Amino acid sequence: MVLEKSLDHGRTWQLYQFYAADCLTSFGMEPRSARDLSPASVLDIICTEQYSRGYVWKVDKMVRFEIQERFALFGGPRLQDMASLYGQLDTTKDLRDFFTLTDLRVRLLRPATGATSVDQHNLSKYFYAISNLDIRGRCKCNLHANNCIWEKGKLSCECEHNTTGLDCGRCKKGFQGRAWRAGSYLPIPKGTANVCLPHPSVASGPDPMLGRTRPRISSLAVTTPEQACECFGHSNRCSYLELLTTAICVSCKHNTRGRHCQLCRLGYHRNPSAQLDHHNVCLDCECHPDGSLHHRCNSTGYCDCKEGATGPKCDRCLPRYYWHRGCRAGVCDNFLTRCENGGVCEDNGRCVCPAPYTGLLCEKGQCREEVGGCVSQSPRDPTLHRVLLSLTALLTTANGRPPL
């Protein structure tokens with residue numbers, strides 16, 4: 001049998017899929033399955049032998065056109081990546097048309113008798129029939145409607161976005177402010193409902209040359225009704241940019257910004273627990289002025305911290321740093337890191353060293369031979385380190401093995 005579809009209400013028909021017990025003999029095609037396809041061959045018309053056996057179990061009698069397997073090439077085996085699938089459907093017209101139809105028909109060519117001996121003189125006793133057709137899909141409304149109604153013997157869309165027509169394929173009268181476009185699944189800003197906008201209105205304004213009022217047509221921007229705006233509830237006014245044939249939201253509230261008030265103002269970050277239309281969708285970063293490099297947070301919602309600071313607001317210190325008008329390196333303390341050679345820790349920031357020692361931890365000795373030299377009490381002192389190495393070498397030479 002052959003499955004065919006129409007895109008123009010039955011005026012013309014296109015092949016959709018072949019079914020046969022022997023594809024090569026019946027249609028001159030190698031047998032294939034939808035699972036054999038790739039994203040590059042997803043639009044191929046195939047012949048399958050999967051459903052054409054002579055004797056089948058009851059559960060095997062369902063014949064399918066494997067749309068989900070083709071969708072899975074873009075959305076994953078369980079269609080978990082719908083954004084990728086929608087993106088392909090939105091941007092590839094041939095792919096969109098492949099899964100679109102106005103009519104579907106099945107042409108039954110001959111029974112799948114397999115190896116059964118057939119009486120050529122009495123073919124009327126060989127037959128098969130279709131008991132049920134289950135077609136799952138949605139109305140083709142160009143993404144300008146959520147529901148369809150049966151009216152005058154046809155399905156028609158309950159059009160939204162100021163569109164009209166059997167499939168919402170054009171703008172309503174008076175709403176041709178920009179060219180009609182199908183809606184889009186893509187994320188903003190590339191994907192929107194593409195609402196039909198009113199014609200630019202006639203405004204009045206003073207003529208600076210004549211000192212009187214004259215009518216004029218705005219060529220750059222006009223204010224459009226609330227229903228034409230897509231601002232997620234953060235604005236009720238849009239300006240229509242005629243040169244760009246697009247509308248942008250005006251005076252976004254709730255600390256939002258952007259063409260559709262879909263972004264957060266600088267210094268605010270997206271609240272992950274709030275929907276895009278919630279009034280608390282953008283939260284103040286509240287970066288600590290002493291711990292943060294900037295008063296505004298970055299695009300991830302976190303503040304850029306100075307050295308030693310940490311936390312979403314840069315109001316805490318990393319280990320070995322202490323807070324003093326920001327985070328400072330914790331050079332010393334009275335519990336973990338002690339100043340050496342008798343040094344005293346001052347404000348956890350520096351060691352006050354007794355003479356003649358210097359260094360960050362008083363580990364360096366400044367001794368002169370003419371005053372008798374000095375002895376360091378620190379294992380960090382290079383002089384003492386050389387003495388220990390020399391002693392080890394002498395002991396090894398004396399008994400042939402290193403000391404314990």
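On a predicted model such as this, the values are computed, not experimentally measured, just so you know. Values reported hereafter were calculated over all heavy atoms of this structure, with side chains retained and with hydrogens, waters and symmetry mates removed.
For the residue pair Ser184 and Leu143, the shortest heavy atom distance occurs at N-CD1, 3.7 Å. Between His278 and Ala274 the shortest heavy-atom distance is CB-CB, 3.9 Å. When all heavy atoms of Thr102 and Gly10 are compared, the pair lying nearest together is OG1-N, 4.2 Å. Nearest approach of Met29 to Cys47, heavy atoms of both residues: CE-N, 3.8 Å. Residue Arg96 comes nearest to Thr100 through the heavy atom pair O-OG1, 2.6 Å, listed as atom of the first residue, atom of the second, then distance. Heavy-atom minimum distance, Ile46 versus Ser33: CD1-C, 3.8 Å.
To the nearest 0.5 Å, the span separating CZ on Phe98 from CD1 on Ile45 amounts to 4.5 Å. Taken from CZ in Arg257 to CZ in Arg265, the straight-line distance is 10.0 Å, to the nearest 0.5 Å. Separating the CG atom in Asn255 from the CG atom in Asn280 is a distance of 9.0 Å, to the nearest 0.5 Å. Note that the CG atom of Leu37 and the CD atom of Glu66 stand 9.0 Å from one another [nearest 0.5 Å]. With rounding to the nearest 0.5 Å, the separation of CG in Leu155 from NZ in Lys140 is 13.5 Å. Ser6 OG to Arg11 CZ: the interatomic distance, rounded to the nearest 0.5 Å, is 7.5 Å.
Trp13 has its side chain within reach of Asp103: a pair of non-hydrogen atoms, C-beta onward, lies under 4.5 Å apart. Using a 4.5 Å heavy-atom cutoff, the side chains of His9 and Leu166 are in contact. Between Arg32 and Asp44, some side-chain heavy-atom pair lies under the 4.5 Å cut-off. At a threshold of 4.5 Å between non-hydrogen side-chain atoms, the residues Phe65 and Lys5 do not count as touching. Under the 4.5 Å side-chain criterion, counting only non-hydrogen atoms from C-beta, Thr256 is not in contact with Phe232.
When the SG-SG distance for Cys282 and Cys264 is compared with the 2.5 Å cut-off, it comes out below that value. Cys157-Cys141 SG separation is under 2.5 Å; the pair is scored as a disulfide. Cys pair Cys168 and Cys159 passes the test of SG atoms under 2.5 Å apart. In this structure, cysteines Cys314 and Cys287 have SG atoms that are not closer than 2.5 angstrom. Taken as a pair, Cys327 and Cys317 meet the criterion of an SG-SG distance shorter than 2.5 angstrom. Disulfide check for Cys339/Cys351 passes, with the SG atoms closer than 2.5 Å.
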Inset, instruction - May I have the step-by-step check of side chain to side chain contact (heavy atoms under 4.5 Å, CB included) for Gln88 and Leu73, ending in yes or no? - result: CA-CA 11 Å; Gln88 292 291 334; Leu73 295 173; over 6 Å; no

Inset, instruction - Check the pair Cys285 / His294 against side chain to side chain contact (heavy atoms under 4.5 Å, CB included), numbers first and verdict last. - result: CA-CA 11 Å; Cys285 295; His294 316 286; over 6 Å; no

Legend entry - Intermediate values then yes/no, side chain to side chain contact (heavy atoms under 4.5 Å, CB included), Val281 and Arg270: CA-CA 6 Å; Val281 67; Arg270 174 71 185 272; 3.2 Å; yes

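Judged purely by atom type and a 3.5 angstrom limit, Asn142 uses its side chain to pair as donor or acceptor with the backbone of Asp167. With hydrogens and angles ignored, the 3.5 Å screen pairs a side-chain donor or acceptor of Glu49 with a backbone N or O of Cys23. At distances below 3.5 Å, not a single donor-acceptor pair connects side-chain atoms of Asn162 with backbone N or O atoms of Lys172. Side chain of His234 to backbone of Leu276: a donor-acceptor contact under 3.5 angstrom is found. With hydrogens and angles ignored, the 3.5 Å screen pairs no side-chain donor or acceptor of His144 with any backbone N or O of Thr164. In this structure, Arg70 contributes its side chain and Val42 its backbone to a donor-acceptor pair below 3.5 Å. No donor-acceptor pair closer than 3.5 Å links the side chain of Thr92 to the backbone N or O of Asp94. A donor-acceptor pair under 3.5 Å is absent between the side-chain atoms of Asp277 and the main chain of Gly233, judged by distance alone. Using modelled atom types, no side-chain atom of Glu286 and backbone atom of Asp284 make a donor-acceptor pair closer than 3.5 Å.
No option in Asp81, Leu95, Leu89 other than Leu95 meets the side chain to side chain contact (heavy atoms under 4.5 Å, CB included) test with Phe74. The only option from Gln50, Gln17, Met1 that meets the side chain to side chain contact (heavy atoms under 4.5 Å, CB included) definition with Val63 turns out to be Met1.
Crowding of Glu158 atom CD: a count of heavy atoms from other residues, nucleotides or ligands under 6.0 Å exceeding 12. More than 12 heavy atoms of other shown residues, nucleotides or ligands fall within 6.0 angstrom of atom CD in Gln80.
Residues Ser273 and Asn271 have side chains that bring a donor and an acceptor to within less than 3.5 angstrom of each other.
Relative orientation of the Phe27 and Phe18 rings is tilted, given thresholds of 30° and 60° on the angle between their planes. Ring geometry, Phe99 versus Phe71: the interplanar angle falls from 30° to 60°, so the pair is classed tilted.
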